[in-house]
Asks: 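The structure is given below, and queries will be raised subsequently.
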Amino acid sequence: MLLLGGTEEARALSHRCEGMTLLTSLAGVTTAPASYGGSVRLGGFGGAVGLAEYLRRDAIAAVIDATHPFAAQISMNAARACAGADVPLLRLERLPWVASANDRWISFDTVAAAIHALPAGATAFVAAGRSAARIAAPGRRLILRAIEPPSDPAPGVEVLLARPPFTLAAERDLFQREGVTHLICKNSGGTSGYAKLEAAAALGLTVHMVRRPPPLPVTRVQTVDAALRWLADVANGAPNVVHGA
Ligand code: NAP
């Protein structure tokens with residue numbers, strides 16, 4: 001089984017795949033990746049064509065795409081490659097966050113749009129990935145949090161290096177200390193990044209929330225347990241198993 005990883009779900013699944021030969025693939029973008037069960041390979045495949053070749057060459061029996069909800073390119077490649085190589089594919093993707101009554105969210109399609117919509121004089125806390133550091137917003141203060149230093153940050157972007165998880169109390173203190181008025185984040189879902197949203201709601205901050213890319217027409221589940229059931233179906237040759245998009 002080939003597991004496309006880079007998320008907490010992928011890591012959790014990898015540790016529960018006893019009795020099968022598991023290879024997890026990581027993009028290789030972080031210098032200290034988390035530990036996975038089974039074997040791990042690093043780096044790209046060379047697009048959908050390269051991935052399809054890889055699936056055939058290594059006689060991969062099934063692929064689970066458990067990459068991040070915003071890693072749209074590798075998910076598209078997986079769908080095309082699995083369809084081309086006739087390999088069963090499952091998308092494991094956690095549910096998005098949903099705004100509650102206390103939340104003040106405005107939705108955007110891209111991180112750039114979310115940043116460019118900040119009002120003049122805003123102080124924004126940007127938790128939207130390292131690449132967001134390249135987006136300049138003159139007249140606004142941007143504090144960008146990342147695990148590793150971004151390459152080529154735009155002038156004036158303040159970088160805060162920190163590794164999750166973060167508690168609600170710590171997020172609230174940080175936002176208050178820095179005079180944050182807006183939070184910019186992607187709708188990643190999950191529990192580990194949720195404290196910043198709770199803190200924003202508690203302080204009445206406006207959240208510029210970046211929507212997920214549109215879903216691909218592939219079989220999808222939201223939990224590791226459901227992914228394990230699908231793997232059992234694959235092993236048993238169940239007829240409901242779909243090969244790619
Ligand atoms: P992306 O834009 O969808 O993919 C860009 C390229 O990176 C792909 O075309 C592929 O190269 C390679 N790639 C991505 N994931 C890979 C994997 N698991 N194994 C092998 N190659 C992979 O991806 P991204 O948004 O840069 O994210 C990169 C990785 O970080 C993903 O694995 C994702 O799960 C993780 N991550 C992403 C985010 C996010 O917000 N985007 C957040 C947390 C974690 P080739 O075309 O050469 O195969």
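We count ligands from 1, going down the list as the structure has it; atoms in each ligand are counted the same way. Remember, it's a predicted structure, so these values are computed and weren't measured experimentally.
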Asks: In terms of the angle between their ring planes, are H208 and H182 parallel, tilted or perpendicular, with boundaries placed at 30° and 60°?
Replies: perpendicular
Asks: Among all the protein's non-hydrogen atoms, which is closest to atom 47 (O) of ligand 1, and how far away is it?
Replies: G46 N, 3.0 Å
Asks: Measure the distances from the heavy atoms of G43 to every atom of ligand 1 and state whether one is below 4.0 angstrom.
Replies: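 G43: in contact with ligand 1 (<4.0 Å).
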Asks: Would a search of protein heavy atoms around atom 6 (C) of ligand 1 find one under 4.0 Å away?
Replies: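 No, there is no protein heavy atom closer to it than 4.0 Å.
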Asks: Enumerate the atoms of ligand 1 whose separation from the nearest heavy atom of G44 is less than 4.0 angstrom.
Replies: 11 (O), 21 (N), 45 (P), 47 (O), 48 (O)
Asks: Just go through M76, K186, H68, Q73 and tell me whose heavy atom is the nearest to atom 43 (C) of ligand 1.
Replies: H68
Asks: Establish whether atom 26 (O) of ligand 1 and some protein heavy atom are separated by less than 4.0 angstrom.
Replies: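 Protein heavy atom within 4.0 Å of atom 26 (O) of ligand 1: absent.
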Asks: Among the heavy atoms of L26, does any lie under 4.0 Å from an atom of ligand 1?
Replies: yes
Asks: Less than 4.0 Å between atom 45 (P) of ligand 1 and some protein heavy atom, yes or no?
Replies: yes
Asks: Give a yes or no answer on whether the side chain of D103 reaches the backbone of W105 with a donor-acceptor pair at less than 3.5 Å.
Replies: no
Asks: Below 4.0 Å from any atom of ligand 1, is there a heavy atom belonging to G129?
Replies: no
Asks: Quick one: does ligand 1 sit under 4.0 Å from the side chain of A10, the backbone, both or neither, non-hydrogen atoms only?
Replies: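 Contact part for A10 vs ligand 1: neither.
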Asks: With a 4.0 Å cut-off on heavy atoms, does G47 reach ligand 1?
Replies: yes
Asks: In ligand 1, which numbered atoms sit nearer than 4.0 Å to a non-hydrogen atom of T67?
Replies: 18 (N), 32 (O), 34 (O)
Asks: Which residue holds the protein heavy atom closest to atom 48 (O) of ligand 1, what is that atom called, and what is the gap in Å?
Replies: F45 N, 2.6 Å
Asks: For atom 32 (O) of ligand 1, what is the nearest protein heavy atom, given as residue, atom name and distance?
Replies: G5 O, 3.0 Å
Asks: What is the ring orientation for Y194 with W97, classed by angle as parallel under 30°, tilted 30 to 60°, or perpendicular over 60°?
Replies: tilted
Asks: Which residues pass the salt bridge (charged side-chain N to carboxylate O under 4.0 Å, His left out) test with R41, not counting sequence neighbours?
Replies: none
Asks: Return the residue, atom name and 0.1 Å-rounded distance of the protein heavy atom closest to atom 16 (C) of ligand 1.
Replies: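 In this structure, atom 16 (C) of ligand 1 has A27 CB, 3.6 Å as its nearest protein heavy atom.
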Asks: Which of the atoms in ligand 1, numbered in the order shown and given with their element, are less than 4.0 Å from a heavy-atom of N77?
Replies: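 Counting atoms of ligand 1 from 1, those under 4.0 Å from N77 are 9 (O), 46 (O).
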Asks: Using a 4.0 Å cut-off to any heavy atom of S25, which atoms of ligand 1 qualify?
Replies: 17 (C), 18 (N), 19 (N), 20 (C)
